[in-house]
Amino acid sequence: MIRAIKGTRDILPPASAVWNRVEAVAREVFRTFNYHEIRTPIFEETSLFARGVGEDTDIVGKEMYTWEDRDGTSLTLRPEATASVMRAYIEHRLDQIPGVKKLYYIGPMFRRERPQKGRYRQFFQIGAEAIGSDSPIIDAEVIELVVEILKRSGVTDFHLLLNSVGDANCRPAYIALLKETLAGVASQMCDDCQRRAVTNPLRVLDCKVEADQPVIDALPSIHDHLDDACRAHFTAVRAHLDNRGIPYTVRPRMVRGLDYYMRTTFEITHGALGSQNSVLGGGRYDGLAEAIGSKVPAPGIGFSIGEDRLVMSVGENTEPVVDVFLAPLGDAAELHAGGLAAELRAAGISVERSVDRKLKRALEVANKMGARYALILGDNEIAAGTYLLKNMASGEQTPLARAQLAAHIQNN
RNA sequence: GCGGCUGUAGCUCAGCUGGUAGUAGCGCCAGAUUGUGGUUCUGGAUGUCAUGGGUUCAAAUCCCAUCAGCCGCCCCA
């Protein structure tokens with residue numbers, strides 16, 4: 001038997017309705033913030049991600065689906081979309097259009113990780129990028145936007161974590177200092193930290209081992225080593241968030257995995273997600289354009305929501321039901337039902353028709369389907385010119401003329 | 001990529017220390033007279049016991065491998 005491959009899955013009804021709802025909410029919020037959709041290819045030249053995401057990130061190092069095309073070009077299934085959006089921005093010279101360019105995307109990403117709850121090899125992201133300004137106002141607005149999407153999707157109990165990770169000017173010095181400090185104390189820490197102290201010192205800050213916490217608390221904090229520009233930027237972002245009444249927690253130790261992040265980084269966690277508790281992540285990436293070969297600078301900030309995880313946090317769904325289930329009895333009625341169905345559908349009413357001749361069976365199916373109404377039409381009804389509209393919840397039956405039907409269904 | 005747990009009907013599961021699967025619950029199908037569902041009653045269908053090997057007279061039950069899911073690590077959405 002052929003099955004969906006590891007880490008991929010089918011999203012079936014009624015769950016698919018939740019996905020659609022979440023996407024509709026996101027699109028609506030994007031519209032009110034003047035964001036517009038961009039659709040980029042699902043695969044790109046490998047070097048775009050290698051240079052954009054960072055050569056020594058896990059994503060590029062071991063998680064990409066990469067293959068050689070027939071002409072020898074190395075291609076890769078996109079593991080994230082920011083690099084692609086930036087590529088498109090540069091390629092189409094969007095910097096020539098006035099104002100901050102605000103783009104959003106919804107679609108699948110691919111990473112070859114070990115699947116787990118909330119972690120898939122093909123997963124979906126809803127993301128946005130605001131390119132063309134390094135103003136902290138944009139940072140705060142982007143965060144406000146994503147918080148709005150979560151709220152409007154019905155997610156409660158989420159937690160916004162905020163940090164500044166410095167920029168190309170001050171971060172290298174901080175990392176060097178951290179590495180130096182760690183060289184002296186790493187021996188007291190867990191095995192993972194001893195390894196990370198050398199390979200990826202920032203990751204040490206993220207360690208969850210209880211015994212290591214005192215050591216970590218004593219390590220230098222990035223916030224004490226931000227240069228003036230970065231500190232001022234961070235202060236301004238916070239002021240704007242405070243002004244909007246958006247609650248957040250500053251996490252100097254929050255580390256984000258993509259190399260291009262600088263200054264503002266943020267993350268939102270949710271309790272219902274288990275180990276993969278992050279529902280979205282984002283940050284500023286002012287150096288990304290240059291990293292992928294742009295001559296003109298293109299400062300930007302963006303986020304991406306893990307749609308799979310968002311859907312999990314939304315919880316229960318109420319599956320939309322069919323409005324009317326037509327139960328025609330007899331050959332003439334069946335033909336008659338076709339035109340009637342078309343008429344109701346044209347009025348925006350969802351219609352299902354019975355393929356069974358027996359009324360009993362038709363009502364059974366209507367009931368199981370969760371139909372709001374059943375419409376009984378047999379020879380009697382057709383002759384009289386009125387149909388019997390049965391309210392499935394109450395059992396009440398109302399005779400109605402064809403002209404009254406659509407209005408009655410819509411108003412009840 | 002590493003470690004742990006799990007894998008029996010569409011779903012949730014039972015099946016003790018190996019003897020060759022359950023009247024289980026839900027769901028599904030049919031019927032309880034001819035144009036009326038949801039409750040009730042009666043009857044019925046459905047499993048290569050994840051897959052492939054091995055041990056044994058005999059395996060869903062033990063062993064190995066593979067695959068998948070979940071949990072933890074790593075990492076991130």
Side-chain angles (χ1 to χ4, degrees), chain A residues 1-9 12 53 56-63 78-82 106-127 146 190-193 195-196 199-200 202-203 206-209 254-258 261 265-270 273-283 302-313 325 327-330 333 354 356-371 373-382 387-397:
Chain A
M1 168 167 154
I2 299 176
R3 311 175 28 126
I5 63 179
K6 188 193 188 82
T8 72
R9 57 191 182 142
L12 308 169
V53 178
D56 31 64
T57 57
D58 276 15
I59 293 176
V60 173
K62 51 190 195 194
E63 296 172 1
R78 65 181 186 191
E80 57 107 51
T82 302
I106 297 175
M109 309 295 158
F110 306 86
R111 294 183 199 169
R112 200 180 185 293
E113 294 184 273
R114 181 78 172 265
Q116 214 179 100
K117 188 189 190 73
R119 190 165 77 186
Y120 306 94
R121 289 183 171 181
Q122 175 177 335
F123 60 103
F124 293 78
Q125 290 190 332
I126 299 174
V146 78
C190 68
D191 293 349
D192 283 335
C193 279
R195 175 176 52 74
R196 289 186 283 227
T199 59
N200 195 349
L202 286 174
R203 281 272 154 231
D206 223 18
C207 176
K208 283 149 200 119
V209 175
M254 181 175 77
V255 177
R256 311 230 74 259
L258 284 60
Y261 285 125
T265 59
F266 57 95
E267 181 172 325
I268 288 183
T269 58
H270 184 89
L273 299 180
S275 177
Q276 315 302 322
N277 67 348
S278 165
V279 71
L280 87 252
F303 63 80
S304 65
I305 300 172
E307 192 175 355
D308 305 76
R309 295 180 188 177
L310 177 56
V311 167
M312 277 193 270
S313 347
F325 192 91
L329 307 168
S354 177
D356 211 295
R357 283 301 181 81
K358 284 190 280 197
L359 180 59
K360 175 183 163 60
R361 178 65 185 155
L363 289 173
E364 238 172 64
V365 173
N367 183 54
K368 282 170 186 163
M369 227 175 239
Y373 294 99
L375 189 71
I376 299 166
L377 56 156
D379 296 340
N380 301 344
E381 283 75 18
I382 292 171
Y387 310 100
L388 256 192
L389 185 68
K390 184 183 180 87
N391 181 315
M392 293 302 287
S394 66
E396 183 189 355
Q397 300 188 153

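Keep in mind it's a predicted model, so treat the numbers as computed, not measured. Side chains included, hydrogens not; waters and symmetry mates left out as well; all remaining heavy atoms used. Below, chains carry the letters A, B, ... as their sequence lines are ordered, and counting in each starts from 1.
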* **Between B:C13 and B:U55 - C1' atom distance, rounded Å** => 29 Å
* Could you measure between the two P atoms, the one in B:C49 and the one in B:G22, and give it in whole Å? => 14 Å
* To do: Indicate, yes or no, whether a donor-acceptor pair under 3.5 Å links the base of B:G35 to the side chain of A:Asn380.
  => yes
* Does B:G44 pair with anything, Watson-Crick or G-U wobble, both distances under 3.5 Å, and if so, with which nucleotide? -> B:C28
* Name the nucleic acid region contacted by A:Glu364, choosing base, sugar-phosphate or nothing; use a 4.0 angstrom heavy-atom cut-off, strictly under. => sugar-phosphate
* Test item: A:Arg309 side-chain N/O and A:Leu280 main-chain N/O as donor-acceptor pair under 3.5 Å -> no
* Would you check if A:Leu359 and A:Leu363 make a side-chain contact, meaning some heavy-atom pair closer than 4.5 Å? => yes
* Determine whether any donor atom in the side chain of A:Asn367 lies under 3.5 Å from an acceptor atom in the base of B:G38, or the reverse, and answer yes or no. => no
* To do: For A:Ile305, answer base if it contacts any base atom (sugar-phosphate contacts may also be present), sugar-phosphate if it contacts only those atoms, and nothing otherwise; contact means non-hydrogen atoms under 4.0 Å.
  => nothing
* Watson-Crick or G-U wobble partner of B:G22, both distances under 3.5 Å -> B:C13
* **Between C1' of B:A68 and CD of A:Gln122, the distance in whole Å** => 17 Å
* Among B:G35, B:G37, B:A77, which is the nearest nucleotide to the side chain of A:Ser278? -> B:A77
* Which part of the nucleic acid, if any, lies within reach of A:Gly118 when heavy atoms closer than 4.0 Å are counted: base, sugar-phosphate only, or nothing? -> base
* **Student check: side-chain heavy atoms of A:Gln397 and A:Ile376 closer than 4.5 Å** => yes
* Asked: Has the side chain of A:Arg78 got a donor or acceptor atom that lies under 3.5 Å from a matching backbone atom of A:Phe110?
  -> no
* Who does B:G1 pair with, Watson-Crick or G-U, both distances under 3.5 Å? -> B:C73
* To do: Answer with base, sugar-phosphate or nothing: what part of the nucleic acid does A:Gln397 contact at a heavy-atom distance below 4.0 Å?
  => base
* No-H, no-angle donor-acceptor pair, A:Glu113 side chain to B:A77 base, under 3.5 Å -> yes
* **Euclidean distance for P, B:C28 against B:G38 (whole angstrom)** => 11 Å
* Check every strand shown and say whether A:Ala374 touches a base, only sugar-phosphate, or nothing at a heavy-atom separation below 4.0 Å. => nothing
* Rounded P spacing from B:C62 to B:C73 in Å -> 29 Å
* Upstream residue (5' side of RNA chain B) when A:Arg114 and A:Gln125 are each assigned their closest nucleotide -> A:Arg114
* **Base B:G35 to side chain A:Glu381, donor-acceptor N/O within 3.5 Å cut-off** => yes
* To do: Scan every strand shown for a Watson-Crick or G-U wobble partner of B:U61, both distances under 3.5 Å, and answer none if you come up empty.
  => none
* Determine the minimum heavy-atom distance between A:Met392 and A:Ala366, stating which atoms define it. => CE-CB, 4.1 Å
* Is it true that a side-chain atom of A:Asp308 and a backbone atom of A:Arg119 form a donor plus acceptor pair closer than 3.5 Å? -> no
* Quick one: does A:Lys390 reach the base of B:U36 with a side-chain donor-acceptor pair under 3.5 Å? -> yes
* For atom P, what is the distance between B:U40 and B:G27, given to the nearest Å? -> 9 Å
* Asked: Who does B:U66 pair with, Watson-Crick or G-U, both distances under 3.5 Å?
  -> B:A50
* Asked: A:Arg111 or A:Thr8: which one's nearest nucleotide on RNA chain B is closer to the 5' end?
  -> A:Thr8
* **Gap between atoms CD and P, on A:Gln116 and B:U6 respectively (whole Å)** => 18 Å
